[in-house]
Amino acid sequence: MWRNDEMKLPDFGDIFSGNFFALGDEQIYLKEQNDINAEYGDVICVRKGLQYKHFGIYAGNGRVIHYSPGKTNKIIGFGSTIHEADMGEFMGDADRYHVCVFASEYGRPEEVNASEIDKLKTNFLGPLLAVPELIRKKTNEGKYHLYSPEETVARARSKIGEKSYNLFTHNCEHFALWCKTGIDESHQINHWKDILAVGMVAGIALYGGKRQMEKML
């Protein structure tokens, strides 16, 4: 549960879905209907429209350490710095966040109560991207280490002030996953790279098959 006095008033969908409660003058938004709350040292993420997910490390007491330009700049990556902020800044216009759950072995973390969009992407594209994921697992399984909540937050704090943001090689997800697992990576970036790679292979195969057919004719 987190509080933000500046949060806009909910619509009727929020009220009837159980995601909003009024308590005095404060507005309390629940992350999900079953009220799964972030704990100290959790990796949390929030969806920014349909474009991407923003990641951070929950540092307790409604505070998050994340790679962001802060409240003054809405351009992705521009002026981004690793800093500690309140949940209001981390959430932005979103009304909920998700806690990432990590398995004992290397792999993409599971998001508690993932959105229907993410579930659809996983179910539809999962089989197509199985080979790249397997290769990545073999490459990283020896480097994978789950740090304790205390270690995770300490690692995040050790990077406060860093200004080396790069959308493709060192973004907010790279930072958050490094804090938790020791591996500097972004599954979002991996996902799009895998789609491009599979698409290129499929295109080359189709082109080669077409040329072969032309020769046979």
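What you see is a predicted model, and the numbers here were worked out from it, not measured in a lab. Numbers here simply count residues along the sequence, with the first being 1.
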Given T139 and Y106, is the side chain to side chain contact (heavy atoms under 4.5 Å, CB included) satisfied, shown in steps?
-> CA-CA 10 Å; T139 302; Y106 174 83; over 6 Å; no
Can you tell if the side chain of K138 reaches within under 4.5 Å of the side chain of I135, non-hydrogen atoms only?
-> no
E151 side-chain N/O to S148 backbone N/O, donor-acceptor pair under 3.5 Å = yes
Looking at Y147 versus H145, is the centre-to-centre ring distance below 6.0 Å?
-> yes
Given side chains that start at C-beta, do those of K53 and Q188 come closer than 4.5 Å, heavy atoms only?
-> yes
Identify which one of C100, P109, S186 satisfies the side chain to side chain contact (heavy atoms under 4.5 Å, CB included) criterion when paired with F55.
-> C100
Quick one: pull up OG in S68 and CG in N171 and give me the separation to the nearest 0.5 Å.
-> 12.0 Å
Going from NE2 on H174 to CG on L167, what distance comes out if it is rounded to the nearest 0.5 angstrom?
-> 9.0 Å
Does a donor on one side chain sit under 3.5 Å from an acceptor on the other, for E173 and H54?
-> no
Hey, is CG on N61 packed in by over 12 heavy atoms from elsewhere, all under 6.0 Å?
-> no
Counting only heavy atoms not in Y40, do more than 12 fall under 6.0 Å of its OH?
-> yes
Of the non-hydrogen atoms in C172 and Y165, which two are nearest, and what is the gap between them?
-> N-CE1, 3.7 Å
Got Y58 and E39 here, is their nearest side-chain heavy-atom distance under 4.5 Å?
-> no
Worked verdict on I44 versus M87 for side chain to side chain contact (heavy atoms under 4.5 Å, CB included) = CA-CA 11 Å; I44 60 177; M87 285 295 289; 4.2 Å; yes
Verdict with supporting geometry, H170 and E162, side chain to side chain contact (heavy atoms under 4.5 Å, CB included) | CA-CA 11 Å; H170 195 56; E162 180 182 289; 2.6 Å; yes
Taking the side chain as every heavy atom from C-beta outward, state whether H98 and V46 have any pair of such atoms under 4.5 Å apart.
-> no
With distance as the sole test, does R155 use its side chain to make a donor-acceptor pair with the main-chain N or O of W178 at under 3.5 Å?
-> yes
Non-neighbouring partners of L146 that pass side chain to side chain contact (heavy atoms under 4.5 Å, CB included), sequence neighbours left out = F102, Y144, K180, T181
Do the side chains of E185 and N190 get nearer than 4.5 Å, heavy atoms only?
-> yes
What is the minimum heavy-atom distance between A94 and R47, and which atoms define it?
-> CB-O, 4.0 Å
Under a 4.5 Å cut-off applied to non-hydrogen side-chain atoms, are I57 and V153 in contact?
-> yes
Answer whether the closest heavy-atom distance between the side chains of C45 and E111 falls below 4.5 Å.
-> yes
Atom SG of C179 and atom CD1 of I65: how far apart are they, to the nearest 0.5 Å?
-> 7.5 Å
Go through H83 and Y67 one step at a time and tell me if the side chain to side chain contact (heavy atoms under 4.5 Å, CB included) criterion holds.
-> CA-CA 7 Å; H83 64 281; Y67 224 141; over 6 Å; no
May I ask you to decide if A38's main-chain N or O and Y97's side chain share a donor-acceptor pair within less than 3.5 Å?
-> yes
Might you point out which heavy atoms bring A59 and R157 nearest each other, and give the distance in Å?
-> CB-NH2, 3.9 Å
Would you mind reporting whether E89 and D86 have side-chain heavy atoms less than 4.5 Å apart?
-> yes
Taking atom CD1 of I189 and atom OG1 of T169, what is their separation to the nearest 0.5 Å?
-> 9.0 Å
